[in-house]
Amino acid sequence: MRAQPTASHFVAGAYRDDPAGRRFESRYPATGEVIAELNAATEATVEAAVAAAREAQKAWGALPGRERGRVLRRAADILRAKNREISVLETLDTGKALQETLVADAASGADCLEYFGGLAASVEGITADVGGSFVYTRREPLGVVAAIGAWNYPIQIACWKAAPALAAGNAVIFKPAETTPLSALKLAEALKEAGLPDGVYNVVQGFAETGRMLVRHPGIAKVSLTGETGTGRRVMADAAETLKQVTLELGGKSPLIVFEDADLDNAVGAAMLANFYSTGQICSNGTRVFVQRSVKDAFLDKLVARTERIVLGDPLDEATHLGPLVSHEHREKVLSYLAIGREEGARLLIGGGVPRVQGFEGGAWVEPTVFADVTDGMRIAREEIFGPVMAVLDFADEAEVVTRANDTPYGLAAGVFTRDIARAHRVIAALDAGTTWINTYNLTPVEMPFGGVKQSGLGRENGRAALDSYTRVKSVYVETGDVAAPY
Ligand code: NDP
């Protein structure tokens, strides 16, 4: 199977290679096969991308918002028309089941382009009367945005960053994670076909060094990163040298709280989605499932019965629920946590090993796994595993569970299951989390601002908040009288 792109990078509206750059491969995680060979951007390519973006941004930022919006909405239509082709590519690059990529990746990217395309004409400021004279504000583009992605939702992350940035009149340089370099190039093709001027959206491939070159570059105004909390710290420190703005979407260890009055079937379904979808590789996953003691056994019985029915297999077969992890390297990390969970004394209910998937023996597989009787101090309850590993903890009452749920340096997401509406809103208000759900989990429509608090990040993607974050406010005081100078 091959998915070789025309070239590694997309700069100034054209594919280009950088033969001097470090070579790397993209592999299909289900088999280990090499599907593409690429080269990382050296400084020359990064400089070319920054120069092209700076030049192109001037005219793009000066267009009326509705014209920019039209381009984004056309790109949304193109992504939708190519959804199957891009979904197959995303499955090959990430290993995620096609059943998921068909609905969650390019499709959500298209929603995002459409939404911000619609908002582009509504970038506006305020006016205020100050006693005859007045002030007004302009929301202006920042300039060139460096967007750096993680490997779990490659094209969705590219769209979540590019769509609001472009709608606001910025140019973008996107660096995908080196593990999943391919679909961001398809977005570049779609945007070009939609009429985006050359240089306004660029893709440079590479490792952390390439990301660092962008973050430190004085020609870049803002950095938006999706990645680990440690990477977020390093990026923020590098960005501080030139005082760039940052949006950081980082890791999490989010609580999903199930009260005894909850609809248990819905709670079990949501807990499974919150731990097994995308083979557990979702930042906002509810990886600490707190279940009220009186319903714990019933919850676990239903959970195990449904987990047994999860279908692992050929990711390109739409009947398959779960693909492999993104890489063998990442699987080593996940497997180490399965061993840690056992050593710490958590009760393994199901999974816990490497399955044998017929015809895909070379893949980075791991079984969907549930540990029960997990306690707060265990590493599997404190550290982000980023695999299909659910930790179930139990609790006695509301006050206790809120305190324990908040006892983490992270604050990305949280969920509550209860039929008591007063309790639902009260508990959500008490949780330290940026993105929360009542009686569901992990739904992230583009209208909903998404992001974390504490060490899970800064700023928001999606929603109106994201558009504003790609603008700067210029205040203008207009004097209608005389200047009252005492000199
Ligand atoms: P990493 O933090 O390892 O990498 C993220 C991106 O940053 C990659 O493109 C990486 O390049 C690049 N990078 C790494 N170091 C630097 C640096 N010093 N300067 C600039 N760029 C750098 O994350 P993963 O790709 O491993 O993704 C998994 C993580 O992402 C998890 O922690 C997860 O929680 C988080 N995540 C957060 C989301 C959110 O919205 N909050 C959503 C999805 C994931 P390269 O990979 O090529 O080395």
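Order of appearance sets the numbers: ligands from 1, and atoms from 1 within every ligand. It should be emphasised that the depicted structure is a prediction, and the values quoted were computed from it without experimental measurement.
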>> Checking L38 against R23 for the side chain to side chain contact (heavy atoms under 4.5 Å, CB included) test, could you report, in this order, the C-alpha distance in whole Å, the side-chain angles of both residues, the deciding distance, and whether it holds?
In response: CA-CA 6 Å; L38 297 98; R23 292 171 62 74; over 6 Å; no
> Relative to Y410, does K454 satisfy both conditions: NZ or CZ under 6.0 angstrom from the six-membered ring centre, and within 45 degrees of the ring's axis?
Replying inline: no
>> Tell me whether E344 is salt-bridged to R382, with the criterion being a basic N under 4.0 Å from an acidic carboxylate O.
In response: no
> Which parts of the protein, at residue level, reach under 4.0 Å of ligand 1 through a heavy atom?
Replying inline: I148, G149, A150, W151, N152, K175, P176, A177, E178, G206, F207, A208, G211, R212, L225, T226, G227, E228, T231, V235, E249, L250, G251, C283, E384, F386, L412, F450
>> Can you classify the ring geometry of Y201 versus F174 as parallel (below 30°), tilted (30 to 60°) or perpendicular (above 60°)?
In response: parallel
> Can you pull the salt bridge (Lys or Arg N to Asp or Glu O under 4.0 Å) pairs that have at least one residue in residues 236-247, sequence neighbours excluded?
Replying inline: R212-D238, R216-D238, R216-E241
> Under 4.0 Å between a Lys/Arg side-chain N and an Asp/Glu carboxylate O for E447 and R464?
Replying inline: no
